[in-house]
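Data block below; observations after.
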Amino acid sequence: MDNEIFEMVTQSLTEDKISRIMSCDEEYQAAKLHERVAHDKLMEILTDQQKELLEDFATAASETDANAKRIIYQQGMKDLYALIMALA
């Protein structure tokens with residue numbers, strides 16, 4: 001299958017659906033709160049330059065993580081498609 005199709009499917013299926021699922025997941029919400037509290041405590045003790053460096057790092061890490069999740073999801077869709085075709 002064409003990668004463009006996987007891009008469209010991935011984007012349309014994941015953005016809204018995953019956000020809704022995550023907003024209802026108690027473990028995710030607890031982890032997110034823990035992350036926010038730890039972040040806020042760290043930001044209180046850093047200098048402005050350190051804060052900027054940390055935020056730049058966090059942004060880069062988030063971009064990497066988002067791309068990894070996209071690739072994993074798309075590979076799962078490809079594997080599902082291949083399984084369906086093999087069973088047909």
Side-chain angles (χ1 to χ4, degrees):
M1 292 180 78
D2 189 24
N3 280 340
E4 289 180 32
I5 294 171
F6 283 111
E7 287 291 335
M8 290 186 315
V9 169
T10 301
Q11 187 173 17
S12 66
L13 288 179
T14 57
E15 288 178 357
D16 294 332
K17 187 174 184 178
I18 297 299
S19 293
R20 281 183 276 139
I21 292 169
M22 289 167 45
S23 70
C24 296
D25 187 280
E26 291 180 16
E27 284 184 63
Y28 175 81
Q29 291 301 320
K32 194 68 179 165
L33 177 61
H34 183 240
E35 176 187 335
R36 197 168 27 250
V37 169
H39 176 269
D40 291 348
K41 286 180 181 178
L42 181 60
M43 295 306 271
E44 288 176 7
I45 63 170
L46 297 178
T47 67
D48 287 343
Q49 182 182 17
Q50 290 169 329
K51 288 177 186 178
E52 186 176 333
L53 290 170
L54 178 63
E55 291 300 328
D56 289 348
F57 168 76
T59 299
S62 292
E63 289 172 359
T64 301
D65 187 52
N67 281 300
K69 288 176 183 174
R70 175 186 53 78
I71 291 166
I72 292 166
Y73 182 84
Q74 288 175 347
Q75 187 59 49
M77 294 290 288
K78 290 175 183 178
D79 292 344
L80 177 61
Y81 178 77
L83 177 62
I84 291 169
M85 291 293 103
L87 295 174

Evaluate Met43 against Leu54 for side chain to side chain contact (heavy atoms under 4.5 Å, CB included), listing each step before the verdict. CA-CA 9 Å; Met43 295 306 271; Leu54 178 63; 3.9 Å; yes

Can you check side chain to side chain contact (heavy atoms under 4.5 Å, CB included) on Gln29 and Leu33, steps first, answer last? CA-CA 6 Å; Gln29 291 301 320; Leu33 177 61; over 6 Å; no

Take Lys69 and Asp65 through the test salt bridge (charged side-chain N to carboxylate O under 4.0 Å, His left out) and record every step on the way to the result. CA-CA 6 Å; Lys69 288 176 183 174; Asp65 187 52; 3.0 Å; yes

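At least one donor-acceptor pair closer than 3.5 Å links the side chain of Gln50 to the backbone N or O of Thr47. Within the 3.5 Å criterion, the main-chain N or O of Glu63 finds a donor-acceptor partner in the side chain of Asn67.
With rounding to the nearest 0.5 angstrom, the CE atom of Met77 is 15.0 Å from the CD1 atom of Ile72. Put simply, OH on Tyr28 and CD1 on Ile18 are 10.5 Å apart, with the number rounded to the nearest 0.5 Å. With values rounded to the nearest 0.5 angstrom, Phe57 atom CZ is found 10.5 Å from Thr59 atom OG1.
Taking a cutoff of 4.0 Å between a charged side-chain nitrogen and a carboxylate oxygen, Glu35 and Lys32 qualify as a salt bridge.
For the residue pair Glu55 / His39, a side-chain donor-acceptor distance below 3.5 Å is found, with atom types taken as modelled. Looking only at atom types and distance, the side chain of Gln75 has a donor-acceptor partner in the side chain of Asp79 under 3.5 Å away.
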